[in-house]
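Take a look at the structure below.
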Amino acid sequence: MSEARKPQRPRAWQRMLSGRRLDLLDPSPDDIEIADIAHGLARVARWNGQTVGEHAFSVAEHTLTVEAIFSDRAPGCSDAEALAALLHDAPEYVIGDLISPFKTAIGLDYKAFELRILGAIHERFGLPATLPPHLTDAIKSADTIAAYYEATRLAGFSQPEARLYFGQPDGLSPALTQKLERLSASPTEEVERRFLARFEVLYRA
């Protein structure tokens, strides 16, 4: 009797348009390219696509918004800190954007998986694999403010409902507040270009 064939390990890598293959279970910084991240994030919809307007509000546009809020609230921040804010959701270029209720249902294993990819992304671009707690908290606060404006301007939340889940935004300059109150989704190619341009400014600095 011939020996039974051993089952092959399920494929756990994704091929990128750059030609890179990123192993999701053991991500290597060498397999991460910013062009792949920008391309992917610009095509992943926030809020499961449940937003108003002609275009989906992408994760790339969300990260640009979060970085703008973070930098506005911390005008003395370094370019590296602002870059960390821009890349805070970068793993979603391969794993997609799961809404918070679904992440809660999945549990901590998903978060560990996400952080492993984020650590590889940070290493690729010269950031600490694990950010200091104060920086993580500041980025999270900016992320929550962005979610408030996305919820009320794009996702159909009333202001009282959004305040219940995301709190009342504070600490923003009048100029940025006015910009956020006019928040809208942009075409995919435009957002991808803007994301790459902002990355170049922060990374090359």
- Message: Can you confirm whether the side chains of S18 and D36 place a donor and an acceptor under 3.5 Å from each other?
- Response: yes
- Task: Kindly say whether P128 contributes a backbone atom to a donor-acceptor pair with the side chain of H122 at under 3.5 angstrom?
- Result: yes
- Item | R198 to L64 - nearest heavy-atom pair and separation | CB-CD2, 3.8 Å
- Rounded to the nearest 0.5 Å, what separation is found between the CZ atom of R124 and the CG atom of D30? 8.0 Å
- Between K140 and D137, is there a side-chain N and carboxylate O pair less than 4.0 Å apart? no
- Under 4.5 Å between any side-chain heavy atoms of L25 and W13, yes or no? no
- Task: Specify the closest pair of heavy atoms between F195 and A60, including all atoms of both residues, with the distance to one decimal.
- Result: CD1-O, 4.1 Å
- Query: Under 4.0 Å between a Lys/Arg side-chain N and an Asp/Glu carboxylate O for E61 and R46?
  - Reply: no
- Task: Could you verify whether a donor N or O on one side chain and an acceptor N or O on the other, from E192 and T188, lie under 3.5 Å apart?
- Result: no
- Task: To the nearest 0.5 angstrom, please state how far the OH atom of Y149 sits from the CD atom of Q159.
- Result: 8.5 Å
- Task: Identify whether L127 and L118 are in the same connected component of the hydrophobic contact network (ILVMFWY, side-chain heavy atoms under 4.5 Å).
- Result: no
- Query: So does D170 pair up with R73, basic N to acidic O under 4.0 Å?
  - Reply: yes
- Message: Nearest 0.5 Å, please: how far is CD in Q168 from OG1 in T144?
- Response: 13.0 Å
- Message: Is the distance between the ring centroids of H88 and H62 under 6.0 Å?
- Response: yes
- Note on the structure: d(R194 CZ, T63 OG1) to nearest 0.5 Å is 9.5 Å
- Passes side-chain contact (heavy atoms from CB on, under 4.5 Å), D143 versus F70? Steps please. CA-CA 8 Å; D143 185 58; F70 171 83; over 6 Å; no
- Message: Is there a path of hydrophobic side-chain contacts, each under 4.5 Å between heavy atoms, that joins I139 and L180?
- Response: no
- Give the intermediate values and the outcome of side-chain contact (heavy atoms from CB on, under 4.5 Å) for residues R15 and R20. CA-CA 6 Å; R15 186 188 186 283; R20 301 285 188 180; over 6 Å; no
- Task: Measure the CD1-OH distance between I121 and Y93 for me, rounded to the nearest 0.5 Å.
- Result: 5.5 Å
- Message: As an exercise, state the distance from CD1 of I145 to CG of L172, rounded to the nearest 0.5 Å.
- Response: 5.0 Å
- L87-V44 co-clustered via ILVMFWY side chain contacts under 4.5 Å: yes
- Query: Is it true that L115 and I95 fall in one hydrophobic cluster, defined by side-chain heavy atoms closer than 4.5 Å?
  - Reply: no
- Classify the angle between the aromatic ring planes of F157 and F166 as parallel (below 30°), tilted (30 to 60°) or perpendicular (above 60°). tilted
- Query: What are the two closest heavy atoms between R204 and E200, and how far apart are they?
  - Reply: NE-OE1, 2.8 Å
- Under a 4.5 Å cut-off applied to non-hydrogen side-chain atoms, are F125 and I32 in contact? yes
- Using atom types as modelled and distance alone, determine if a side-chain donor or acceptor of D89 lies under 3.5 Å from a backbone N or O of E92. no
- Query: Would E67 and L202 count as a side-chain contact (heavy atoms from CB on, under 4.5 Å) if you check the C-alpha gap in whole Å, the side-chain angles of each, and the deciding distance to 0.1 Å?
  - Reply: CA-CA 11 Å; E67 189 271 318; L202 297 174; 4.2 Å; yes
- Message: I'd like to know if L24 and L17 are part of one continuous hydrophobic network [Ile/Leu/Val/Met/Phe/Trp/Tyr, side-chain heavy atoms within less than 4.5 Å].
- Response: no
- Task: Indicate the atoms forming the closest heavy-atom contact of G171 with D72, along with that distance.
- Result: O-OD2, 4.1 Å
- Quick one: closest heavy-atom pair of L83 and F199, and the distance? CD1-CD1, 3.6 Å
- Closest heavy-atom pair, S184 versus L154, reported as atoms and distance to 0.1 Å, is CA-CD2, 3.9 Å
- Task: Verify side-chain contact (heavy atoms from CB on, under 4.5 Å) between Q14 and R21, making sure each step is shown before the conclusion.
- Result: CA-CA 5 Å; Q14 179 173 344; R21 292 186 179 185; over 6 Å; no
